[in-house]
Amino acid sequence: MKVTVIGGGYVGLVTGACFSHLGNEVLLVEKVPEKVDKLRKGESPIYEPELEELLREGIDRGTLRFTTDIKEGVEFSEVIFICVGTPSLPDGSADLSQVEEVARLTAKNMDSYRLLVEKSTVPVNTHQLVKKTVQRYLKRDVSFDVASNPEFLREGSAVYDFLNPDRIVVGVESDRAREIMEELYRPLTDKVSLS
């Protein structure tokens, strides 16, 4: 399956590298050109055990690429993971401006169905903000879904946690979105024994 990951921070890099490792074609969108240059060389800007090896594996196999062009990312895949930063504001609430920016730019570049998946650390019901933003900026009548897929990654074991989850939480509002997410996570859910 083709997967777009927007955001080359901790969550985005681990998500992109692991989905690539599981056999998907991944395009990771990062707006900082210097970071993209480093990633294209297989160099991780953060230290996380096994991450650099997975980046190089994906690059060598041709299943992991990097770009600064969000339009290219939106056109690449019908599944778009939003993995951008949500730093705390002075009042303690999450700054959702980057999430909103991704939703706006995705809407402006969509020409067919897309599933936007929140993976960033966001407050409950952020999917409503994403949905309203996409609806506001869509240039044409295009169907889309928004899903929530919170991450449970621990620093120092994030790659292991992603590839060996004790749970995968996904919130969807349509059968189409559910089927896409089930297919995407099948390599992980199939290896779970029900004994």
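Note that this is a predicted model, so its numbers are computed, not measured.
- Tyr160 and Leu54 fall into different hydrophobic clusters, defined by Ile, Leu, Val, Met, Phe, Trp and Tyr side-chain heavy atoms under 4.5 Å apart, directly or through other members.
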### Task
Given side chain to side chain contact (heavy atoms under 4.5 Å, CB included), test Ile80 with Leu115 step by step and report yes or no.
CA-CA 6 Å; Ile80 300 170; Leu115 170 59; over 6 Å; no
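- Asp145 places no side-chain N or O within 3.5 Å of a backbone atom of Val172 that could act as its donor or acceptor partner.
- Looking only at atom types and distance, the side chain of Glu118 has a donor-acceptor partner in the side chain of Ser148 under 3.5 Å away.
- Under the 4.5 Å side-chain heavy-atom criterion for grouping Ile, Leu, Val, Met, Phe, Trp and Tyr, Ile70 is connected to Val84 within one hydrophobic cluster.
- Ring-centre distance between Phe162 and Phe152: not below the 6.0 Å cut-off.
- Judged purely by atom type and a 3.5 angstrom limit, Glu78 has no side-chain atom pairing as donor or acceptor with the backbone of Arg114.
- Taking both residues in full, the closest heavy atoms of Val5 and Gly16 are given as CG2-CA, 4.0 Å, listed atom of the first, atom of the second, then distance.
- Between Phe19 and Glu25 the shortest side-chain heavy-atom distance does not fall below 4.5 Å.
- Residues Met1 and Glu183 meet the side-chain proximity criterion, which asks for heavy atoms closer than 4.5 Å.
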### Stepwise salt bridge (Lys or Arg N to Asp or Glu O under 4.0 Å) check, Arg61 with Glu57
CA-CA 6 Å; Arg61 288 189 345 205; Glu57 172 193 88; 3.6 Å; yes
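- Leu27 and Val3 end up in different hydrophobic clusters when Ile, Leu, Val, Met, Phe, Trp and Tyr side chains are linked at under 4.5 Å.
- Taking the salt bridge (charged side-chain N to carboxylate O under 4.0 Å, His left out) definition, one finds that Lys71 meets it with Glu75, sequence neighbours left out.
- Contact detail for Glu30 and Val36: the closest heavy-atom pair is O-CG2, 3.4 Å.
- Of all the heavy atoms in Thr68 and Pro33, the pair that sits closest is CG2-CA, 3.9 Å.
- A donor-acceptor pair is defined here as one N or O able to donate and one able to accept, closer than 3.5 Å; no such pair exists between the side chain of Asn24 and the backbone of Val26.
- Between Leu64 and Ser20 the shortest heavy-atom distance is CB-OG, 3.7 Å.
- Between Pro165 and Leu188 the shortest side-chain heavy-atom distance falls below 4.5 Å.
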### Message
Assess the residue pair Asn149 and Met181 against the criterion (side chain to side chain contact (heavy atoms under 4.5 Å, CB included)); give the C-alpha distance rounded to whole Å, side-chain angles, the decisive distance to 0.1 Å, and a yes or no.
### Response
CA-CA 9 Å; Asn149 180 212; Met181 295 301 287; 3.9 Å; yes
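- Placement of Val32 and Leu13 in two distinct hydrophobic clusters is found when ILVMFWY residues are connected by side-chain heavy-atom separations under 4.5 Å, directly or transitively.
- In terms of hydrophobic clustering, with Ile, Leu, Val, Met, Phe, Trp and Tyr side chains grouped at heavy-atom distances under 4.5 Å, Val74 and Phe144 are assigned to a common cluster.
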Could you go through residues 128-142 and list every donor-acceptor pair under 3.5 Å that involves a side-chain atom there, pairing it with any protein atom two or more places apart or in another chain?
{"residue": "Lys131", "atom": "NZ", "partner": "Glu173", "partner atom": "OE1", "Å": "2.4"}
{"residue": "Thr133", "atom": "OG1", "partner": "Leu129", "partner atom": "O", "Å": "2.7"}
{"residue": "Arg140", "atom": "NH1", "partner": "Met110", "partner atom": "O", "Å": "2.4"}

### Query
Yes or no on side chain to side chain contact (heavy atoms under 4.5 Å, CB included) for Asp190 and Tyr185, after CA distance, side-chain angles and deciding distance?
CA-CA 9 Å; Asp190 278 358; Tyr185 278 110; over 6 Å; no
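- Counting all heavy atoms, side chain and backbone alike, Gly73 lies closest to Val29 at CA-CG2, 3.8 Å.
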### Task
List the steps and the verdict of side chain to side chain donor-acceptor pair (under 3.5 Å) for Thr67 and Arg65.
CA-CA 7 Å; Thr67 184; Arg65 294 185 304 112; over 6 Å; no
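- Using a distance-only test at 3.5 Å, with no hydrogens or angles considered, a donor-acceptor pair links the side chain of Thr15 to the main chain of Val11.
- A donor-acceptor pair is defined here as one N or O able to donate and one able to accept, closer than 3.5 Å; no such pair exists between the side chain of Glu50 and the backbone of Val159.
- Within the structure, salt bridge (Lys or Arg N to Asp or Glu O under 4.0 Å) contacts touching residues 36-45 (residues at least two apart or in different chains) do not occur.
- For the residue pair Tyr10 and Ala158, the shortest heavy atom distance occurs at OH-CB, 3.3 Å.
- The shortest distance between side-chain heavy atoms of Phe81 and Thr4 does not fall below 4.5 Å.
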